[in-house]
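To start, the structure itself, in structure tokens.
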Number of protein chains: 2
Amino acid sequence: MSQDLPTTSYALLGLLTFGDDLTGYELKQRADRTLRFYWVSPAMSQVYTELERLTDHGLVSPREAGPNQKSSKYRITAKGRRELTRWLEEAPAGFPTLKHPVALRLLVGHLVDPSRTRALLRSHLDELAAHRADLEGVRESLVGRDAPGDAFRYPSLVADWGLEYLAGEQAIIEKLLQRLDEEG
Amino acid sequence: MSQDLPTTSYALLGLLTFGDDLTGYELKQRADRTLRFYWVSPAMSQVYTELERLTDHGLVSPREAGPNQKSSKYRITAKGRRELTRWLEEAPAGFPTLKHPVALRLLVGHLVDPSRTRALLRSHLDELAAHRADLEGVRESLVGRDAPGDAFRYPSLVADWGLEYLAGEQAIIEKLLQRLDEEG
DNA sequence: GCGTAGTGTTCCTGACTGGAACAATCACCC
DNA sequence: GGGTGATTGTTCCAGTCAGGAACACTACGC
């Protein structure tokens with residue numbers, strides 16, 4: 001494997017390193033629960049595309065559906081684990097990319113009435129609070145579990161990171177709102 | 001215009017509301033300088049695709065290249081301004097999406113040696129500092145300018161937002177590093 | 001026995017990235 | 001004056017990816 005796969009492949013591969021075999025559907029759920037705070041959760045269709053790709057490369061293998069199961073679960077192979085580790089060690093991380101629709105709208109705030117901009121920021125605050133509640137739930141569910149090799153330590157760290165990030169953004173938006181109120 | 005264009009269209013359209021006519025190339029530069037901190041900067045090829053689309057919809061119009069100019073500059077039309085305003089008022093903002101390669105790697109940190117993870121975080125700190133210096137430059141260049149209707153007030157606000165965000169992330173990463181050091 | 005919510009998968013369209021390729025202009029140095 | 005390299009400027013292509021529609025099967029309550 002000399003060439004990197006798309007990052008989404010490694011993200012999904014990573015979700016399979018915590019000891020569970022997952023179907024495409026479960027993988028998507030797992031991504032929505034844990035990954036989406038730091039990496040845009042791939043569309044359902046994309047998950048299946050990736051599983052096919054990963055199977056072709058021998059990085060995961062389907063455990064054929066038994067008589068009781070609806071569909072096949074995927075397990076990461078030894079080669080998959082090696083490739084993921086190689087990627088972690090060799091591929092440079094690059095900088096985060098962000099699509100922030102609220103910031104984008106604020107940037108052209110001069111086109112609309114200031115009251116509208118304030119409403120936008122207030123509704124963003126609400127969404128931040130909801131997001132934070134979600135992530136707190138995730139964090140708690142992680143603390144309870146254990147996995148081979150203390151694997152859940154890092155997801156916990158990342159969840160804490162996310163929570164602090166959200167708290168920070170809340171504080172920033174509140175300050176911005178205050179400035180908008182004061183400056184008229 | 002009953003249907004929304006892709007968000008990238010509005011982002012580029014927004015860059016044309018600050019009083020300058022820009023070529024595709026200049027538009028890309030502008031996006032790299034100001035937009036990229038909040039909205040992933042579109043590829044060069046995408047900028048030209050968008051300009052074509054916006055022209056087709058009558059939202060921008062090319063000012064034909066005079067004898068001294070290399071290429072045509074684009075100006076936002078009255079219709080373009082109306083459409084951007086309509087979008088601001090009608091289209092819901094949605095939640096930010098993030099691709100954070102450092103968080104993604106930290107999530108599967110159990111696969112590699114902890115020293116490698118620490119090195120990853122430290123190098124991210126360096127990048128954050130560089131990013132912050134860039135953004136400080138942008139912020140200063142905004143303060144000096146003025147535009148019709150106090151248009152640069154909002155980009156200044158957004159730049160402040162970005163700076164606080166970066167400072168916050170720096171603090172979080174430093175705390176994470178400390179925890180990794182303490183816990184072994 | 002019937003609706004509806006959840007599980008599970010596939011397909012298609014269009015958005016978007018990244019890189020390669022091309023060409024013209026300008027500055028600089030030898 | 002001629003090379004060399006950076007900057008401006010644009011186009012094309014392959015492949016990634018998102019979003020939504022469509023489909024089917026199972027479980028549960030009424």
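Scope of the values below: all heavy atoms of this structure, side chains included, with no hydrogens, waters or symmetry mates. By convention in this document, chain letters (A, B, ...) are assigned in the order of the sequence lines, proteins followed by strands, and residues within each chain are numbered from 1.
- Residue pairs meeting the salt bridge (Lys or Arg N to Asp or Glu O under 4.0 Å) criterion with at least one member in residues 155-170 of chain B, sequence neighbours excluded: A:K175-B:E164, A:R179-B:D160, B:R139-B:D160.
- The side chain to side chain donor-acceptor pair (under 3.5 Å) search around B:D32 returns B:K28, B:S41, not counting sequence neighbours.
- As rounded to whole Å, 17 Å separates atom C1' of D:dG19 from atom CZ of A:R36.
- Between A:H100 and B:F37, the distance from one ring center to the other does not fall under 6.0 angstrom.
- The OH atom of B:Y10 sits 7.5 Å away from the CG atom of B:L59 when rounded to the nearest 0.5 Å.
- Atoms CG (B:L51) and P (D:dT10) sit 9 Å apart, rounded to a whole Å.
- Here D:dT16 presents its C1' atom at 14 Å from CG of A:D4, a figure rounded to the nearest Å.
- Under a hydrophobic clustering in which Ile, Leu, Val, Met, Phe, Trp and Tyr are joined whenever their side-chain heavy atoms come within less than 4.5 Å, directly or via other members, B:L35 and A:F95 fall into the same cluster.
- Rounded to an integer number of Å, the gap from CG of A:L22 to P of C:dT9 is 12 Å.
- In this structure, CG of B:L27 is placed 14 Å from C1' of D:dT10, rounded to the nearest angstrom.
- Contact between the side-chain N/O atoms of A:Y48 and the OP1/OP2 oxygens of C:dT10 is not found at any separation under 4.0 Å.
- Separating the CG atom of B:L5 from the P atom of D:dA18 is a distance of 21 Å, rounded to the nearest angstrom.
- Taking atom NZ of residue A:K73 and atom P of nucleotide C:dT7, one finds them 12 Å apart after rounding to whole Å.
- Donor-acceptor pairing under 3.5 Å is lacking for the side chains of A:Q170 and A:E174.
- The two residues A:L107 and B:Y154 have their closest heavy-atom pair at O-CB, 3.8 Å.
- Checking the phosphate oxygens (OP1, OP2) of C:dT7, a side-chain nitrogen or oxygen of A:Y25 falls inside 4.0 Å.
- At whole-Å resolution of the value, CZ in B:F95 and P in D:dG19 are 15 Å apart.
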**OP:** Starting at the 5' end of nucleotides 14-19 of chain C, put B wherever the base has a protein heavy atom under 4.0 Å, S where only the sugar-phosphate does, and a dash everywhere else.
**Re:** -SBBBB

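- Phosphate proximity of D:dT8 to B:Q29: present, with a side-chain N or O under 4.0 Å from OP1 or OP2.
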